[in-house]
Protein chains: 2
Amino acid sequence: MHDSQPPQDLDAANEMVAAVVTASRVLVAVSARSLAAIEEALTVPQFRMLVVLDTGGPVNLTGLAEQLAVNPSTALRMVDRLSAAGMVERAHDPGDRRLVVLAATAAGRQVVRQVTERRQAEITRIVSAMPVDHRGAMIEALEAFARAAGEEQINPAAYTGQALPGWS
Amino acid sequence: MHDSQPPQDLDAANEMVAAVVTASRVLVAVSARSLAAIEEALTVPQFRMLVVLDTGGPVNLTGLAEQLAVNPSTALRMVDRLSAAGMVERAHDPGDRRLVVLAATAAGRQVVRQVTERRQAEITRIVSAMPVDHRGAMIEALEAFARAAGEEQINPAAYTGQALPGWS
DNA sequence: GTGCAAACATTGCATAATGCAATTAGAGGG
DNA sequence: CCCTCTAATTGCATTATGCAATGTTTGCAC
């Protein structure tokens, strides 16, 4: 981990962990409100599925379940409901008839776009309230953070505003 | 919001929004992995309840439900299960016998501590992989972000996550 | 080309989470 | 005492979830 670092770096790391945890509360709250604000009442898992289908393109059921980290049977029933709601489209792979090809419909993508726009608007509002001289540093710091994490295989599908355990 | 700012500040804000959104993906993924790694036979909502009871001290049922942003009936049944699992303690308020006083047991607090430690370890690992010269700026930037958000009354209880009425 | 194992989707079953609408129990004011 | 308000609880329906079959199709070995 970090056992090769001098003590002052450990202190800086601890301080940053605290800052990250605090900022996380804000981000979680923003994500939750963005989802709650739209007209189409979607559950959090349903929205996560739509995000995966919208950003990742057509996938089969097993692949979708893996990206959502749920059991294939769970994913199947969610697909059933979202399909009935006209937000997800099912088709059969002509090459391999075992496979089911899943994709978001225009309506489903529209919902994802609405929530995303609202979330970005909320973040923009917060960022606009920050002192200007902090913004450049924040951009660099957050990008460095994402890069450092990216080297550890972060799963992008987790980005959905999932209700979180305890970011307290 | 920011309509009094020059264009270049708008650009900086947009760039920061992108950085924040990307970083939030990382944070959500980290939290999900931290909880999955423990897996003390606890669901995510159960863990959230334990965190609230652990960090916030004794509360009544309605207050607990509000902090979790769920219906009191939902909170009640979760309390039933966690109580049966020996992680939550029920008592009656002697002053007002309508009120139920809820608190985490030692076992419940132990679970919260385990997951919290693991989550902080994950963040520490990522932070340790960041260039040292970015850390100070990140701390300041994240704190400024949290302050800016705090002045807008972030309310986690706004989220309900109810599904569409007639889906089946 | 037959047959078998592997991959996939699906169904059956059980439990948890969730909200809304009663219903019960207690507190407080008149 | 009665009325109202609050808090907890229960009844009912829907969604989310995982594990364990079952069925279906594919690919491969022989």
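Everything quoted here is computed from the prediction, not taken from an experiment. Just so it is clear, the values below take in all heavy atoms, side chains as well, and ignore hydrogens, waters and symmetry mates. So that the names make sense, note that chain A is the first sequence line, chain B the second, and so on, each numbered from 1.
In this structure, A:R48 atom CZ and D:dT15 atom P are separated by 19 Å, rounded to whole Å. The nearest whole Å value for the distance from the CZ atom in A:F47 to the C1' atom in C:dT18 is 19 Å. For B:D93 and C:dA27, the CG to C1' distance is 12 Å, given to the nearest whole Å. The distance between atom CE of B:M78 and atom P of D:dA16, rounded to the nearest whole Å, is 17 Å. Atom pair B:R81:CZ and C:dA14:C1' shows a separation of 12 Å (rounding to whole Å applied).
With sequence neighbours excluded, the residues satisfying side-chain contact (heavy atoms from CB on, under 4.5 Å) with B:P45 are B:T43, B:M78. Applying the side-chain hydrogen bond (donor to acceptor under 3.5 Å, both in side chains) rule to A:D93 yields no partners; only residues at least two apart in sequence or on another chain are considered.
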(message) Return a single string for nucleotides 3-11 of chain D, one symbol per nucleotide in 5' to 3' order, where B is base contact, S is sugar-phosphate-only contact and - is none, cutoff 4.0 angstrom on heavy atoms.
(response) ---BSSBBB
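Among pairs with a residue in residues 71-85 of chain B, those fulfilling salt bridge (charged side-chain N to carboxylate O under 4.0 Å, His left out) read B:D80-B:R90, at least two apart in sequence or across chains. Residue pairs meeting the salt bridge (charged side-chain N to carboxylate O under 4.0 Å, His left out) criterion with at least one member in residues 97-113 of chain A, sequence neighbours excluded: A:D96-A:R98.
Considering only heavy atoms from C-beta on, B:D54 stays 4.5 Å or farther from B:T116 through its side chain.
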Result block: side-chain N/O donor-acceptor pairs under 3.5 angstrom for residues 55-63 of chain A, not counting sequence neighbours:
{"unit_1": "A:T55", "atom_1": "OG1", "unit_2": "A:V51", "atom_2": "O", "d": "2.9"}
{"unit_1": "A:N60", "atom_1": "OD1", "unit_2": "A:G63", "atom_2": "N", "d": "3.2"}

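A sub-4.0 Å separation between OP1 or OP2 of C:dA16 and a side-chain N or O of B:Q46 is absent.
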